[in-house]
Novice: 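Let me begin by handing over the structure; questions about it come next.
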Amino acid sequence: MEGARYDFAAAEAKWQARWSEAGVFAIGDDDPRPKYYVLEMFPYPSGRIHVGHVRNYTLGDVVARYKAAKGFAVLHPMGWDAFGLPAENAAIESGAHPADWTAQNIKAMREQLGRMGLSLDWGREVTTCDPGYYRHEQRMFLEFLKRGVAYRKEAVVNWDPVDSTVLANEQVIDGKGWRTGAPVERRRLAQWFLKITDYAQDLLDGLGGLDGWPEKVRTMQEHWIGRSHGLKFLWDVIDEKHKIEVFTTRPDTLCGAAFLALAPDHPMAQTLAGGKPGFQAFLQQCQSLGTSEAAIEQAEKIGYDTGCSAYNHILKRTVPIYIANFVLMDYGTGAVFGCPAHDERDHAFALKYGLPITQVIDSAGAPLPYTGDGTLINSGDLDGLTSAEAKAEVIRRCESDGTGRGVTQYRLRDWGVSRQRYWGCPIPVLHCPNCGVVPVPEGDLPVTLPRDVDFSQPGNPLARHPTWKHATCPTCGGPAERETDTFDTFFESSWYFARYCDPHNAHKAFDAQKAGHFLPVDQYIGGVEHAVLHLLYARFFTRALADCGYLDVTEPFKGLFTQGMVTHATYKNAAGRWLFPHEAAGQDDVTVGPPIKMSKSKKNVVDPAEILGAHGADAARLFILSDSPPERDLEWTAAGIEGAARFVQRLWRLVTERAGTPQQRPQHFDGPALTMRRATHTAIAGVSTDIEAFHMNKATARLRELANAIADYPARDWAAREATEALVRLSAPFLPHLAEEAWEAMGHETMLAGAPWPEADVALLQAAEVTIGVQVNGKLRATITLPADADAAACEAAALTAPNVRRFLEGKTMRKVIVVPGKIVNIVAG
RNA sequence: GCCGGAGUGGCGGAACGGUAGACGCUGCGGACUUAAAAUCCGCUCCCGCAAGGGGUGCAGGUUCAAGUCCUGCCUCCGGCACCA
């Protein structure tokens, strides 16, 4: 045994098979131990796992294995977020049917994940494109419809006029369709929405209790929900019998108003400017913006002067009315007043169109535009009030004369769930010419996707399918058409964590009791890129399901860890198509982009399968954990994995060399044996706290430190055995295969998977001596070693005897000595 | 543009306001070997022979003491509602 190299390939296959045979990771609903639910965001089945997956699932696996060793009944499931755009793109590009393509990808990825040695309960696997899964969300939707949580309204989409296709935001590049290059148009379509705004306050309030979430994610969600207080008030259109309702969060700046601006799709825009010269051209220009907020915000701010004016009763003044491309119909009332002195955008707008800039808030000398609060000036009888007082006063005046009211406003908009695509869950409603929108009767669920679809033309294949959409109205018995929109894929990922609690239930989505047993997820792990959308939708969905009686929890994720992204360079060929790194190699017309987040759509992914094959799962896991703190971005490079593989071999050598150490524990320890034991127990305590704190890189550093200490300890005694066994057990969450093999090599007959976590002996955690620094005027001049319990007087006395300290004090007067026992001595002298 | 992060040796990163650079990667020197691989030992922030000096994106500030706290910037990354 001694001297033989560790055969990772054989050992990994051996232990994966043994874990599987023993079913050590399968978890029952009635396990008496306390539950712990570890969940990583489930993958989109792109076909191959990428390094981001390896990072995500390794992190989760460390937690799952650690918690299992700590005595919890760990639920650690896996599944597939299997609907989405890439399957349709593959169908268009290669002719593969989305269902087949997805099924093949799942098969390949399941096998790859299997080779990572993850402690997953595969018996709970869910696949969202399976009708057995999505039938339940069709029922949820019908329940939402009944309760008014789902509704239909018009909304704009990106329209490619050449392909006659709705484009996703990522398919719009510089305002043009990605395939056709045609300028996209904004087009209004009737679509389905979920009333997440009804839950805005509750979602905001809930953030306060999520202390297991990163502060930054809570802040992002808080800003996304965007609660603000403001004023909705009326302005009279001069010479017309119309009124325009305007929303503002800055009523205090009312007297600085220079203009009113309406959204281009505001109903009043056509009334005021409809037939006027140049207006249609202006609208056209606004239409070409696309629908993404980033595009709108970054576009040049343009306005159209309607020639009309508006009068306000409080202000007692008129201002011109513009139509402006930066005003959003979805937010507030779709109309704002512009105050150039105190808003960046209004300032630029006023300069561009020659509008007056009147300062009404004292900026204490700061240049305009000044967007902060202050004392009011140039505001008539409001002068002298603070911003807060003036806001309240303007709202009070509007309310007393009936022209306005103070309102709480949210930036959050309702969630549009309609997608004009094939590869998604069909929305279970019918459109009847007599009865309007009619829900599909529950007995007819699930509405399944037709298999025979045609991807040779652009657009939604469901909409042009010859027979699928024709149905009979359950209400009147007449002919009706199926809804051809499918759900946003965030719909599936908004409840999968509950399905894992009861994955084989054919009658309902999940049993409330089972969900109540496992939920909330104790530790959820995924990328920061999901900080807002997925996590907010899932929080909302859980509340909506609770209101429908599905479950009793409101917050689905108690603990959240957002890992950093794995980045890689991008490659694009002359035709503008993204290439995989291996495709790009050796081609000459390739543009290399800077390292950015790995994504399937940009194809800048590396293949972990090769790494697993060459170095083994344990080495790959160790490298990805030790290279960077998990919350930070990680640029993937091949360098370093050899170091991890070397450590795996080194650990094996340390263990096999000490396999014969005595099992019998002596009564007393002193000298090197005691020092060895201190190192062992310090490592046990340190690795445990590091895992709990998600400092996996520090935990792996501690494993190396303990390994170094063992290597430096020549005796083959019980202390050596204790240290080596501790190292093996501590490394099990990180290097599960090697740990099992080493545990067996040390003579154990039981598996480490399921074995308890080692406990640190607190009596051994304190070192006998400490080395502290001695500073003179804040600069380090010496270090002194003292007993760990030396008091301040002893520290000071020792510090003053250090030769170099005396040298620096020569000719100076000591003014003050700061002593922090066990830490530092600082002598202030001059 | 708006919101949220991050910047420390050649590189990834450590560091309750208290000895900056743990642990590793790379590199250099050495041992073992016929040789190589593997392994082991030593060195490795910069300048300096040394004493010492400088150093945590930039500019200030608070403190006996600042990578850490405060103010103002710079650069990079993520999200922005139809990628997932």
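By convention in this document, chain letters (A, B, ...) are assigned in the order of the sequence lines, proteins followed by strands, and residues within each chain are numbered from 1.
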Novice: Please list each protein N or O that sits under 3.5 Å from an N or O in nucleotides 1-4 of chain B, with the distance.
Specialist:
from : atom 1 : to     : atom 2 : distance (Å)
B:G1 : O2'    : A:E297 : OE1    : 3.3
B:G1 : N7     : A:Q298 : OE1    : 3.3
B:G1 : O6     : A:Q298 : OE1    : 3.2
B:C3 : O3'    : A:H223 : ND1    : 3.0

Novice: Mind calculating the distance between CZ (A:F734) and C1' (B:C23) to the nearest angstrom?
Specialist: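 Result: 13 Å.
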Novice: Regarding A:Q191, tell me which of base, sugar-phosphate or nothing describes its non-hydrogen contacts under 4.0 Å with the strands shown.
Specialist: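 It contacts base atoms.
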Novice: Yes or no on salt bridge (Lys or Arg N to Asp or Glu O under 4.0 Å) for A:K352 and A:E300, after CA distance, side-chain angles and deciding distance?
Specialist: CA-CA 11 Å; A:K352 185 165 180 173; A:E300 193 194 351; 2.4 Å; yes
Novice: Cation-pi check, A:R411 to A:W224: give yes when NZ or CZ is under 6.0 Å from the six-membered ring centre and within 45° of the ring axis, no otherwise.
Specialist: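 Yes, a cation-pi geometry.
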Novice: I'd like a list of close polar pairs between nucleotides 35-41 of chain B and the protein, N/O only, cut-off under 3.5 Å.
Specialist:
from  : atom 1 : to     : atom 2 : distance (Å)
B:U39 : O3'    : A:R653 : NH2    : 3.2
B:C40 : OP1    : A:R650 : NE     : 3.4

Novice: Output the single nucleotide from B:G79, B:C64, B:C82 whose closest atom is nearest the side chain of A:K816.
Specialist: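 My answer, after comparing the listed nucleotides, is B:C64.
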Novice: Classify the nucleic acid contact of A:F326 as base, sugar-phosphate or nothing, counting any heavy atom under 4.0 Å across all strands shown.
Specialist: nothing
Novice: Would A:L533 and A:Y537 count as a side chain to side chain contact (heavy atoms under 4.5 Å, CB included) here? Give the steps.
Specialist: CA-CA 6 Å; A:L533 291 181; A:Y537 290 147; 3.8 Å; yes
Novice: Determine if the base of B:G29 is syn or anti; take syn to mean the glycosidic torsion is within 90° of 0.
Specialist: anti
Novice: Would you classify A:G564 as touching base, sugar-phosphate or nothing, given that sugar-phosphate means primed atoms plus P, OP1 and OP2, and contacts are heavy atoms under 4.0 Å?
Specialist: nothing
Novice: At 4.0 Å (heavy atoms only), tell me whether A:T771 reaches a base, stays on the sugar-phosphate, or touches nothing.
Specialist: base
Novice: When we call it a touch if two heavy atoms are under 4.0 Å apart, what does A:L412 touch: a base, just sugar-phosphate, or nothing?
Specialist: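 Since a base atom lies under 4.0 Å of A:L412, the category is base.
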Novice: Looking only at atom types and distance, does a side-chain atom of A:T165 sit under 3.5 Å from a main-chain N or O of A:D163, one as donor and one as acceptor?
Specialist: yes
Novice: Sub-3.5 Å donor-acceptor pair from the side chain of A:R807 to the main-chain atoms of A:A802, do we have one?
Specialist: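 No.
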Novice: Check the angle between the aromatic planes of A:Y496 and A:H534 and answer parallel, tilted or perpendicular using the 30° and 60° thresholds.
Specialist: tilted
Novice: Which nucleotide, B:G7, B:C64, B:C82, lies nearest any side-chain atom of A:R632?
Specialist: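 Of B:G7, B:C64, B:C82, B:G7 is nearest to the side chain of A:R632.
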Novice: Tell me, which of residues 773-782 of chain A have any heavy atom that sits under 4.0 Å from an atom in RNA chain B?
Specialist: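 Result for residues 773-782 of chain A: A:G773, A:Q775, A:K779, A:L780, A:R781, sorted by number.
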Novice: For A:E631, which contact category applies under a 4.0 Å heavy-atom criterion: base, sugar-phosphate, or nothing?
Specialist: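 Since no nucleic acid heavy atom lies under 4.0 Å of A:E631, the category is nothing.
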Novice: Give a yes/no answer on whether the side chain of A:R807 brings an N or O atom under 4.0 Å of OP1 or OP2 in B:G52.
Specialist: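 Yes.
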Novice: Look at the side chain of A:D633 and decide which nucleotide, out of B:C64, B:U19, B:C77, has an atom nearest to it.
Specialist: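 So the side chain of A:D633 is nearest to B:C77.
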Novice: Output the pairing pattern of RNA chain B as a dot-bracket string, 5' first, Watson-Crick or G-U wobble with both distances under 3.5 Å, | for cross-strand pairs, [ ] for crossing pairs.
Specialist: (((((((..(((.....[....))).(((((.......))))).(((....)))..(((((..]....))))))))))))....
Novice: Please determine whether any donor N or O and acceptor N or O are separated by less than 3.5 Å between the side chain of A:N826 and the base of B:C64.
Specialist: yes
Novice: In residues 486-494 of chain A, what donor-acceptor pairs under 3.5 Å come from side-chain atoms, sequence neighbours left out?
Specialist:
from   : atom 1 : to     : atom 2 : distance (Å)
A:T486 : OG1    : A:R419 : O      : 3.4
A:T486 : OG1    : A:R421 : O      : 2.8
A:D488 : OD1    : A:R419 : NH2    : 3.4
A:D488 : OD1    : A:F490 : N      : 3.1
A:D488 : OD2    : A:W415 : NE1    : 2.9
A:D488 : OD2    : A:R419 : NH2    : 3.1
A:S493 : OG     : A:F490 : O      : 3.3
A:S494 : OG     : A:F490 : O      : 2.6

Novice: For the rings on A:F561 and A:Y524, is their centre-to-centre separation under 6.0 Å?
Specialist: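 So the answer is no for these two rings.
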Novice: Taking only side-chain nitrogens and oxygens of A:N708, does any of them come within less than 4.0 Å of OP1 or OP2 of B:A22?
Specialist: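 Looking at the OP1 and OP2 atoms of B:A22, neither is under 4.0 Å from any side-chain N or O of A:N708.
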Novice: What are the two closest heavy atoms between A:A707 and A:F647, and how far apart are they?
Specialist: CB-CE1, 3.8 Å
Novice: Need one value for A:T489: base, sugar-phosphate or nothing, where a base atom within 4.0 Å counts as base even if backbone is also close, heavy atoms only.
Specialist: sugar-phosphate
Novice: Scan for salt bridge (charged side-chain N to carboxylate O under 4.0 Å, His left out) pairs involving residues 41-56 of chain A, sequence neighbours excluded, and state none if there are none.
Specialist: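 Qualifying pairs: A:R48-A:D607.
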Novice: With a distance cut-off below 6.0 Å to the six-membered ring centre and an angular limit of 45° from the axis, does A:K301 pair with A:F349 as a cation-pi contact?
Specialist: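 Output no; distance or angle outside limits.
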Novice: Which is more 5' along RNA chain B, the nucleotide nearest A:V828 or the one nearest A:V820? Just name the residue.
Specialist: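 First, find each residue's nearest nucleotide; the 5'-ward one identifies A:V820.
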